[in-house]
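See below for the structure under consideration.
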Amino acid sequence: MSSENKPARILIVDDHPMLRDGLATQISNEPDLAVCGEADDVVAALQLVSELHPDLMIIDISLKTGHGIDLIKRIRKRHSKMKMLVNSMYDESVYAERSLQAGAMGYLSKQTARETLITAIRTVLAGKTYLSPELTDRIVKSRVGGMIEPGKSPIESLSDRELEVLTLIGQGNITSAIAKHLHLSVHTIDTYREKLKIKLNLANSAELNRYAAQWVLENG
């Protein structure tokens, strides 16, 4: 908590109003926690964190505009001591380590129980990292002695931005829409598409579109 007598102040960043409401309700039921604000995109989140100075941010990967990983990186640069917990529908095997590398202190699936959410929040507020036991075990096994997991997915070779573009492709967005969403040029998105085809060993755009759609279906 921010002090002995005051509840810890939490800023929720999620692009789904109903999910934000659900999170706010769960958090507000705890006497030591309070929601101080809500945002649905990167710009609003950056503004609110500067205005409200929360004790913790809960951040989704998918936002109305921008991307959760990018937001975490930008928050870390501007507010180096800010505690951040990712709460996402995406599989932790894809985004958890990326989130930690960007500057978050924990990763939680939206499918987890209410009690787990509160535990994760209090863990991060205490300055500790929160990960599921399954992911902790996976990370330890992959790093001990420099071991490399067999059958490692080519997805793990993608940069954060490449993975973001792949996800947007899989959601059915055309190149111009992706460029607008990410505030990049169409040429830049075309370049990312070419990089994705090379890294994922795909012959053409049709294969990339099918791969991306399947990936989103399985991981979204």
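Of all non-hydrogen atoms in M89 and D60, the two that sit nearest each other are N-OD1, 4.3 Å. Across all non-hydrogen atoms, the minimal contact from R9 to C36 is NH2-CB, 3.6 Å. Considering all non-hydrogen atoms of both residues, G37 and L52 come closest at CA-CD1, 4.0 Å. Summarising the geometry of A96 relative to Y107, their closest heavy-atom pair is CA-CD1, 3.5 Å, with the distance given to 0.1 Å. Counting all heavy atoms, side chain and backbone alike, D15 lies closest to L63 at OD2-C, 3.6 Å. Scanning all heavy atoms of the two residues, the minimum distance from R193 to S205 falls at NH2-CB, 3.7 Å.
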_Test side chain to side chain contact (heavy atoms under 4.5 Å, CB included) applied to V49 and V13, step by step_ = CA-CA 10 Å; V49 73; V13 186; over 6 Å; no
*Where do S99 and I59 land on the side chain to side chain contact (heavy atoms under 4.5 Å, CB included) test, with the steps shown first?*
CA-CA 10 Å; S99 297; I59 301 173; over 6 Å; no
*Verdict with reasoning, R122 to E30, per side chain to side chain contact (heavy atoms under 4.5 Å, CB included)*: CA-CA 11 Å; R122 289 178 177 144; E30 302 299 321; 2.9 Å; yes
*Could you check K110 against D14 for side chain to side chain contact (heavy atoms under 4.5 Å, CB included), going step by step and ending with a plain yes or no?*
CA-CA 11 Å; K110 287 184 176 181; D14 194 300; 2.8 Å; yes
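Within 6.0 Å of NE2 on H183 lie more than 12 heavy atoms contributed by other residues, nucleotides or ligands.
Using a 4.5 Å cut-off on side-chain heavy atoms (C-beta onward), T167 and Q171 make contact. Residues L208 and L166 form a side-chain contact, since some pair of their non-hydrogen atoms from C-beta on lies under 4.5 Å apart. Contact check for I12 versus I27: side-chain heavy atoms found under the 4.5 Å cut-off. Looking at P54 and M82, their side chains come closer than 4.5 Å, going by heavy atoms from C-beta outward. Side-chain contact between L46 and L71: present, with at least one pair of heavy atoms (C-beta onward) separated by less than 4.5 Å. Between I61 and H67 there is a side-chain heavy-atom pair separated by less than 4.5 Å. Considering only heavy atoms from C-beta on, L182 comes within 4.5 Å of R161 through its side chain. Side-chain contact between L163 and R98 is present, with at least one heavy-atom pair separated by less than 4.5 Å.
In this pair, W215 and Y95 present their aromatic rings perpendicular. The plane angle is above 60°, beyond the 30 to 60° band. Ring geometry for H79 versus H53: interplanar angle over 60°, hence perpendicular rather than tilted (30 to 60°).
A donor-acceptor pair under 3.5 Å is formed between the side chain of E207 and the backbone N or O of A203. Side chain of R76 to main chain of A104: no donor-acceptor pair is present (N/O by atom type, distance under 3.5 Å, no hydrogens or angles). With N173 contributing its side chain and L168 its backbone, the two residues share a donor-acceptor pair below 3.5 Å.
Within the model, atoms CD1 of I10 and CD1 of I121 stand 4.5 Å from one another, a figure rounded to the nearest 0.5 Å. Once rounded to the nearest 0.5 Å, the distance linking OG of S176 with CG of D190 reads 10.0 Å. A distance of 7.5 Å separates OG1 of T123 from NZ of K128, quoted to the nearest 0.5 Å. Atom CE of M105 sits about 9.5 Å away from atom CE of M84, to the nearest 0.5 Å.
A chain of hydrophobic side-chain contacts below 4.5 Å, direct or via other Ile, Leu, Val, Met, Phe, Trp or Tyr residues, connects I155 to V165. Placement of V35 and L19 in two distinct hydrophobic clusters is found when ILVMFWY residues are connected by side-chain heavy-atom separations under 4.5 Å, directly or transitively.
In this structure, D55 does not pair ionically with K6, as no charged nitrogen and carboxylate oxygen lie closer than 4.0 Å.
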